[in-house]
Amino acid sequence: MDISTVIAGTRFDNPVFLASGIVDETLKSVERAIKSGAGAAVTKSIGKDERPGYAPPIISELPTGMINAVGLANPGIDDFIDEFRTSKLKEKIVVSIFGKDSEEFLELAKRVQEVGFKTVELNLSCPHVKGYGSEVGEDPDLVEEIITELKNKTNLKVWAKLTPNVTHIVDIAKAAEGADALVLINTVKAIGVNIWARKFSLTNGIGGYSGPGIKPIALRAVYDVYRETGKEIIGVGGITSYEDAIEFILLGAKAVQVGTAIYYKDFQIFNEISQGIINYLEKEGFENLQEIIGLMVR
Amino acid sequence: MKFSEIASAKKIGKDFFELSFSIDSEVKPGQFLMIWVPGVKEIPMSVSNLKNPITISFKAIGETTRKLSTMREGQRIFYRGPYGNTFPEPKGRAAYVAGGTGIASLLPLIRIHPGDVYYGLRTAEDIVYGEIVNFVSTDDGTLGFKGNVVDLFIKEDKEYDEVFVCGPEPMMKYFHDKIDRRKYGKIYYSLERLMKCGVGICDSCSINGFRVCKDGTVFEHEQLDMMDEFGTVRRAESGRRIFLK
Ligand SMILES: Cc1cc2nc3c(=O)[nH]c(=O)nc-3n(C[C@H](O)[C@H](O)[C@H](O)COP(=O)(O)O)c2cc1C
Ligand code: FES
């Protein structure tokens with residue numbers, strides 16, 4: 001059964017990818033995800049300068065997922081390049097980058113391109129760091145400018161990862177129309193409270209909600225954006241099983257990313273979902289994955 | 001995040017403390033808890049006594065452990081876990097090789113299955129759990145063998161079916177590289193690294209793709225053979241590599 005998928009002209013063996021920020025700060029972990037069956041793996045978001053991130057607690061476990069405020073911890077582009085440049089799996093590694101303006105994004109993208117990576121994912125959506133992520137991604141003009149800059153001045157495939165924390169995600173998606181693909185969604189802005197300590201659950205107070213609880217929100221975003229823009233979409237948010245993945249695909253996603261599911265099922269999640277998709281397609285009488293992409297939206 | 005009331009708080013040595021409290025799940029040898037001090041930080045801590053009320057043993061060296069050391073009976077302690085894999089139960093002649101606070105994670109096994117305990121310290125006044133220690137070394141020679149515990153272990157030259165090692169990474173690396181592997185059956189190491197999430201998703205504790213919090217903390221000697229970052233590359237809070245040699 002062929003479950004390969006093509007995103008912006010790039011073919012991936014299977015449509016189950018590792019999402020940015022989950023076991024992907026170190027090269028060996030990223031490669032482990034790929035060797036465990038991920039069709040591609042997105043790195044932790046990398047910025048220009050080193051950031052230690054917030055002090056723990058950086059995650060708070062919930063019955064329906066978790067809230068995190070890692071704080072864009074990253075080694076900075078220099079050390080990142082130094083570590084990742086040696087990888088033989090670059091075709092399957094997508095580098096997530098974040099910056100405060102188009103200049104920073106461009107500088108990062110050029111560095112990534114220089115060492116042979118083919119695709120970047122723009123983090124326009126982290127909900128818990130001032131001046132970055134969703135603060136950039138909520139501004140349609142800035143989103144458009146960043147993407148135009150990168151498309152004009154690099155040869156990279158550009159995936160734009162959007163935030164659900166806006167009134168009209170379709171407006172942002174339209175501003176990001178120049179991107180090769182859209183990644184929907186990043187975490188949902190959230191707060192956790194510990195009543196016995198009378199403190200926020202996370203050091204940063206505000207965090208991002210991920211895991212099964214946000215799946216319906218992500219599905220809605222994928223559906224609306226696919227219907228309104230017809231863009232190539234990668235669905236992410238609360239996927240922990242093949243059934244979840246197929247829901248996204250039926251609504252228009254060409255691939256999915258899994259993050260928090262690693263916490264529930266560890267690295268075997270990739271093969272589990274791929275195998276589940278294969279069985280589903282066979283059982284339901286489809287010839288390949290392509291046949292069900294966007295099936296419910298036509 | 002759960003919480004419990006502290007059943008007892010003791011100072012057992014220089015800057016060394018024990019807190020005991022009951023928890024609602026079973027802890028196995030080698031496992032750890034994430035302990036949260038509201039307003040300060042959350043840190044991993046191995047469990048030194050597994051039966052309720054369980055015990056954590058620590059040196060007050062950082063902001064969080066210093067705050068913990070001021071906590072008293074009846075106060076709330078916040079935790080999540082237990083997390084991590086476990087030491088297998090020893091079956092034969094066992095040796096325990098600890099450096100500094102590394103003794104804490106070996107204590108449950110030592111109680112279940114007594115064996116030779118080697119303990120390395122900086123100086124005599126750092127001694128804790130002296131009653132269970134068979135061989136002691138100090139860096140300055142103020143107690144026992146002068147030098148490090150690995151050299152002491154090698155000098156004693158005994159044979160063991162199982163060896164359990166826990167201490168600072170440079171000490172474990174030295175042990176790993178220096179000992180005559182053929183003299184011992186299985187060798188297990190409990191690793192310590194910076195940990196932010198404790199549940200295998202943040203990658204801050206990873207060594208060559210092995211997460212100390214989830215794939216460990218316990219690794220076999222032969223697994224460490226495959227980790228060229230063990231003892232040579234540390235990670236800053238940002239994930240930046242810090243080369244040790
Ligand atoms: C601990 C953690 C760290 C994350 N870090 C990033 C990040 O650096 N960049 C990014 O674009 N998304 C980040 N995300 C968001 C995920 O990539 C994903 O969009 C979100 O978690 C929803 O998917 P999930 O429910 O499968 O986890 C992070 C999520 C988590 C849980
Ligand atoms: S502490 Fe987060 S992966 Fe180990």
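The sequence lines fix the lettering, A, B, ..., with proteins before strands; numbering per chain opens at 1.
- Note: B/W36 CH2 to A/S60 OG = 8.5 Å, rounded to the nearest 0.5 Å.
- Going from atom SG of B/C202 over to atom CD1 of A/I59 covers 8.0 Å, rounded to the nearest 0.5 Å.
- Between the CG atom in A/N194 and the CZ atom in B/F78 there is a gap of 5.0 Å [rounded to 0.5 Å].
- The environment of B/E89 atom CD is sparse: at most 12 non-hydrogen atoms of other residues, nucleotides or ligands sit within 6.0 angstrom.
- The shortest side-chain heavy-atom distance between A/T260 and B/I201 does not fall under the 4.5 Å cut-off.
- Within 6.0 Å of CZ in A/F84 there are more than 12 heavy atoms belonging to other residues, nucleotides or ligands.
- Within a 6.0 Å radius of NZ in B/K10, no more than 12 heavy atoms belonging to other residues, nucleotides or ligands are found.
- No part of A/F80 comes within reach of chain B, as not one of its non-hydrogen atoms sits under 4.5 angstrom from that chain.
- Annotation for A/I262 and B/G200: closest pair CG2-O, 4.0 Å, computed over non-hydrogen atoms.
- At least one side-chain heavy atom of A/R32 sits less than 4.5 Å from a side-chain heavy atom of B/D215.
- Within the 4.5 angstrom heavy-atom criterion, atoms from both the backbone and the side chain of A/T26 approach chain B.
- Ranked by non-hydrogen atom pairs under 4.5 Å with chain B, the options A/Y263, A/F200, A/Y54, A/W196 are led by A/W196.
- The pair B/R235-A/E83 meets the salt-bridge criterion, with a side-chain N (NZ, NE, NH1 or NH2) lying under 4.0 Å from an Asp/Glu carboxylate O.
- Between B/G209 and A/K28 the shortest heavy-atom distance is N-CB, 3.3 Å.
- Rounded to the nearest 0.5 Å, atoms SG (B/C197) and CD1 (A/I22) are 10.5 Å apart.
- Using a 4.5 Å cut-off between heavy atoms, A/D78 makes no contact with chain B at all.
- Considering only heavy-atom pairs separated by less than 4.5 Å from chain A, the leading option among B/R80, B/K214, B/E229, B/M1 is B/R80.
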Practice item. Give the C-alpha distance, both sets of side-chain angles, the deciding distance and a yes or no for salt bridge (Lys or Arg N to Asp or Glu O under 4.0 Å) between A/D79 and B/R241. Key: CA-CA 7 Å; A/D79 190 66; B/R241 296 163 304 161; 3.3 Å; yes
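- No more than 12 heavy atoms of other residues, nucleotides or ligands sit less than 6.0 Å from atom CD of B/E63.
- Heavy-atom minimum distance, B/S204 versus A/E25: CA-OE2, 3.8 Å.
- Crowding of A/E103 atom CD: a count of heavy atoms from other residues, nucleotides or ligands under 6.0 Å not exceeding 12.
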Practice item. With salt bridge (Lys or Arg N to Asp or Glu O under 4.0 Å) as the test, would you mind laying out the steps for A/E61 and B/K2 before giving the verdict? Key: CA-CA 11 Å; A/E61 298 163 75; B/K2 301 168 195 162; over 6 Å; no
Review point. Given A/N74 and B/S238, is the side-chain hydrogen bond (donor to acceptor under 3.5 Å, both in side chains) satisfied, shown in steps?
Key: CA-CA 5 Å; A/N74 85 98; B/S238 64; over 6 Å; no
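- With chain B as partner, the option from A/D24, A/T203, A/D266, A/V70 having the largest number of non-hydrogen pairs under 4.5 angstrom is A/D266.
- Chosen from B/K41, B/R76, B/R211, the residue pairing most often with chain A at heavy-atom distances under 4.5 Å is B/R211.
- Residue A/Y264 does not touch chain B at all, counting heavy-atom pairs closer than 4.5 Å.
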